[in-house]
Amino acid sequence: MSGDRTTAQDPSQLAPQYSPAEVESRRYAGWVDAGLFTADAAAVAAGRPSFSIVIPPPNVTGSLHIGHALEHTLIDSLVRRRRMQGYSTLWLPGMDHAGIATQNVVEHELARESLSRHDLGREKFVERVWQWKAESGGKILGQMRRLGDSVDWSRERFTMDEGLSRAVHTMFKRLFDDGLIYRAERIINWCPRCLTALSDIEVEHADEDGELVSIRYGDGAGAIVVATTRAETMLGDTAVAVHPDDPRYAGLIGREVELPLTGRRIPVVADPHVDPEFGTGAVKVTPAHDPNDFEIGRRHDLPARTIMDERGVITAPGPFGGLDRFEARPAVVAALREEGRIVAEVRPYLHSVGHCGRCGTIVEPRLSLQWFVKVGPLAKAAGDAVRDGRVKMHPPEMAARYFDWVDDMHDWCISRQLWWGHRIPVFYGPNGAIVCTAPGEDPPGADNPGSWQQDPDVLDTWFSSGLWAFSTLGWPDDTPDMRAFYPTSVLVTGYDILFFWVARMMMLSLYAMSGTSQGQAPDAGREPAQAIPFYDVALHGLVRDSHGKKMSKSRGNAVDPLDWIDRFGADAVRFTMARGANPGGDVAVSEEWAAGARNFCNKLWNAARFSLMNGARVPAELPDPASLTVADRWILSRLASVTADVDALFEAFEFGKLSEALYHFAWDEYCDWYLELAKVTLPPPGQPSAGPAGAGPAGADEAAAERTRDVLGYVLDRLLRLLHPVMPFLTDELWAALTGEESVVVAPWPGQRVDGAGAPVASERFTDPAAEAQIAALTRLVTQVRRFRSDQGLRPGQRVAAALTGIANTPLAGHEASIRTLLRLTPPDDGFAPTASVQAEGVTVELDTSGAIDVAAERRRLEKDLAAATEEVDRTQRKLANPGFTAKAPPEVIEKTRQRLAAAEADMTLLQSRLAALA
RNA sequence: GGGCCGUUAGCUCAGCGGGAGAGUGCUUCCCUGACACGGAAGAAGUCACUGGUUCAAAUCCAGUACGGCCCACCA
């Protein structure tokens, strides 16, 4: 805002209803063309503070769902506010290659052509995935435009980009050289359908009904009974374990028992892991197919017998060979029963079963050679950064969940038997030689091709996501973007990926930026405090339907954000999301909510339309408050208050509350009262430039109208700016119409701001408690009279003659014209014959209702009010009579209570006298 | 098995020591100078239960019931 008053465009440009579609595409294109979203690293170098957020990269598979609409709304509103505040902002867009998910999708596609990835071969298959990515990725970017995301398109990244791949390679090499990545044969979670290892958190546990089978091993005095839910694994048993102190088995430890169906004899070992209280206190040990048993096996040097292949088919010799694991289970039980080995029959048993997080197949613990990250030191640092407050969680309760996980984390299995992903940069040569290459380094064995083989596996997709906060900014190079935008400011994401992503980003970022061992130098002279990937983590919940049910395609209650944007507009969808978002809380949405938000958009549209029709314009500076009407001062005071509230709520990530505050200010105060009050001062319609002073029906003079036009424009301008972060399209369109300027995107934020050097800019703060009190009284009086008319069945639109007696001695003295306009009251004329009166705020409104009033209805109402007032008087009197209260309550509370009592007593006498008058 | 959270108007949720709130839905009236995607008025809740702390509890503490979520090497 600079220079002269800007005048409104022709108000006839504004249709009576807001139609989002055209505005949205035009506005978005304008923003991008003007380069308003492009981050400026040089400005940061010159001293401007920065604000950066990296997008939680959506999977290239599929499209954005309503949860993304929530997430993007929150991120975008944070970014837009900071941009208006004067920060150099970066919202970096991008996508995740989502290894297993994407590979599955493309494999499904191939299956429709009756092909498998093996038919294509690795190279051709990966090519095909890239092809598929190109198509799917574009769809997501289009959706982001529709949502209005103010992302810097020039900095778009993909986890398998060349630059990011180099970051991944660099990181792997560093961890490898530091001994924090190792290869080992372990029991891992294996998906027999996806044919790959999974990390612990990629396994989803669900309680399922199973059978607990008790089996007798051995015979006679040496017999021992074990229980299992996975009978087929007994084929791979290599011991029975009991607790060392269990007297029942003391004599058996060290002896051997016969393993049924196999003819093998296996030892009885003593291991403290066994719980003597559970079942018979004896447990079968299958080191190759159970993580606990694997550990027991290690402690007792037991062999591990693998009895299943990678697809879950039994490979053990004998009659069960070739059976699927779930076919083998009953077959083994039947065979045991035939031998009389099943004891006490089988028992139904509810137990937790692990499923592949991607395809739902029951996971099989499998002994295999995999790569792991040693998480100990990394997890410690990740926990400490939150513990010591360098990184703050919102809401803070979520930190407990984070600590639980980070403080007790198993080593992270990072190798995947997939083709789509970052290939592990390790080569195996002759005589067991192993080399991990550095980025750019040639593979070993150039002189002897064929003697070295690269590891066929790729990395867990979350390994590259874990680097996202800095790999996207050019790491490992010391780039201007790294210097300007790392650490990022806020991570906005769902609590459901706290472990998958947040914790991994913390671990890998802290490691990469500060170095954790073996003299690794911190990057770019970064202080340890700055090694964190982000200062704040703002966690949002899941989007649910109106009954709080999780949205899912199978349930049929999933919402396509584009569908809602088409029907209600992007701003309405965004407002719906923001309004429902409490920190860490799930968001319940429904079409009714979206329609309500759409209505709000339309309300704003029309408020602006009315203002523009009445010549609102934004003044270079506010007129002298002394020259303003009380209503003007009231709305300015309320605006200042709401501005401060919204500012504070933004800082606290309280999106729901700040949306609510703006909604109520805009609708209940600005539209419902201020615009109505402004009509008193503004010249009547069809009289755009008012005549001589006093010509208007309410004594409107042109000077007063001019000042009200200023205030009308001033408040609308600030309101649009305050709403812009959440509702960018509508506010931009209206603001351009109001100010004649190009875009509100870079207009100054009405609250706290900074200048180019990062110094705070003082913001205007107009407060007028006296005006607030007067308008509050006015609204109460008007509501009282309206209520009377409504109760009496008098049509709201009908003009009624009335006298306002006693008003001269009240704070409402100057408001008679306003009250008359709001209530459609005409002055008493010659035939004035009041038939009823309403008293409130010290004013008696005598009404000529041109007819008898409904005495019974009026009595009912008065009696009801009297009962309420009497109760209130009673309650407050008792309270004030309580010596404990007067002695211990804070003075302001006592004062408030006294005032309440006085008000209630006044109400009571008033109502009593009116009841008496009625009789 | 461990942990976290919730239980407030029909529904979805705010409020978290001193007057029970919002949106939506519902009832009645109204196309009043922008908006019927609108205006006005209204009905509606022993704030899950029990006990405790306090002058004062929806709000703090303990327990109970119900619901939800997360974690777990539950043979």
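Just so it is clear: chains get the letters A, B, ... in the order the sequence lines come, proteins before strands, and each one is counted from 1. Please read these numbers as outputs of a predicted model, since none were measured by experiment.
- Cation-pi geometry between R861(A) and F788(A) is not met at under 6.0 angstrom from the ring centre and within 45 degrees of the axis.
- The CG atom of D586(A) sits 14 Å away from the P atom of U7(B) (whole-angstrom rounding).
- Rounded to an integer number of Å, the gap from K603(A) NZ to G39(B) C1' is 7 Å.
- Rounded to an integer number of Å, the gap from L350(A) CG to A75(B) P is 12 Å.
- Between the C1' atoms of U54(B) and G18(B), the separation comes to 12 Å (whole Å).
- The aromatic rings of Y663(A) and F600(A) sit tilted, their planes meeting at an angle between 30° and 60°.
- Closest approach of R298(A) and R186(A) over heavy atoms only: NH1-NE, 4.1 Å.
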Watson-Crick and G-U pairing of RNA chain B written in dot-bracket, each distance under 3.5 angstrom, with | for inter-strand partners: ((((((((.[[[[.)..(..]]]].(((((.......))))).....[[[[[..)....]]]]])))))))....
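- Within the 4.0 Å cut-off from OP1 or OP2 of A14(B), at least one side-chain nitrogen or oxygen of N582(A) is found.
- For the pair D200(A) and D545(A), both in contact range of RNA chain B, the more 5′-proximal nearest nucleotide belongs to D545(A).
- Rounded to whole Å, the distance from NE2 on H205(A) to C1' on G1(B) is 14 Å.
- In this structure, A282(A) reaches the bases: a heavy-atom distance under 4.0 Å links it to at least one base atom across the strands shown.
- Residue V285(A) is classed as having no contact, given no heavy-atom separation below 4.0 Å to the nucleic acid.
- Residue T783(A) is the one, among T783(A) and G884(A), whose nearest nucleotide of RNA chain B lies closer to the 5' end (criterion: closest heavy atom).
- Formation of a donor-acceptor pair under 3.5 Å by the R347(A) side chain with backbone atoms of L212(A) is not found in this model.
- At a threshold of 4.0 Å, the pair E872(A)-R900(A) counts as salt-bridged, since one of the basic side-chain nitrogens sits closer than that to a carboxylate oxygen.
- No contact: Y495(A) has no heavy atom under 4.0 Å from any strand.
- W564(A) and F568(A) have perpendicular rings, their planes meeting at more than 60° on a 0 to 90° scale where under 30° would count as parallel.
- Using modelled atom types, one side-chain atom of T280(A) and one backbone atom of V225(A) make a donor-acceptor pair closer than 3.5 Å.
- Note on D290(A): nothing from the nucleic acid sits closer than 4.0 angstrom, heavy atoms only.
- In this structure, the side chain of H300(A) engages the main chain of A270(A) through a donor-acceptor pair within 3.5 Å.
- The pair R329(A)-E211(A) fails the salt-bridge criterion, with no side-chain N (NZ, NE, NH1 or NH2) lying under 4.0 Å from an Asp/Glu carboxylate O.
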Footprint string (nucleotides 15-24 of chain B, 5' to 3'): B base within contact, S backbone only, - free, heavy atoms under 4.0 Å: S--BB--SSS
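- Atom NE2 in H289(A) sits about 16 Å away from atom C1' in A75(B), given to the nearest Å.
- Residue contacts shown for S611(A) are absent, as no nucleic acid heavy atom lies under 4.0 Å away.
- Counting any heavy atom pair closer than 4.0 Å across all strands shown, L675(A) reaches a base atom.
- Comparing the C1' positions of A44(B) and A20(B) gives a spacing of 13 Å, expressed to the nearest Å.
- Inter-residue side-chain proximity for Y674(A) and L712(A) is flagged as met; some heavy-atom pair is nearer than 4.5 Å.
- In this structure, K679(A) is positioned above the aromatic face of F610(A), its NZ or CZ under 6.0 Å from the six-membered ring centre and within 45° of the axis.
- A heavy-atom distance below 4.0 Å to RNA chain B is reached by these residues of residues 396-410 of chain A, ordered by number: R401(A), D404(A), H410(A).
- When the side-chain nitrogen and oxygen atoms of K679(A) are compared with OP1 and OP2 of A34(B), none of them lie within a distance under 4.0 Å.
- Within the 4.0 angstrom heavy-atom criterion, base atoms lie near R598(A).
- Distance check: D854(A) CG to D791(A) CG gives 9.5 Å after rounding to the nearest 0.5 Å.
- Looking at heavy-atom distances under 4.0 Å, C671(A) makes contact with a base.
- When heavy atoms are screened at a 4.0 angstrom cut-off, F499(A) is found touching the sugar-phosphate backbone but no base atom.
- We find that CG of D672(A) is positioned 12 Å from C1' of A34(B), with the value rounded to whole Å.
- To the nearest whole angstrom, the two C1' atoms, one in C35(B) and one in G19(B), are 35 Å apart.
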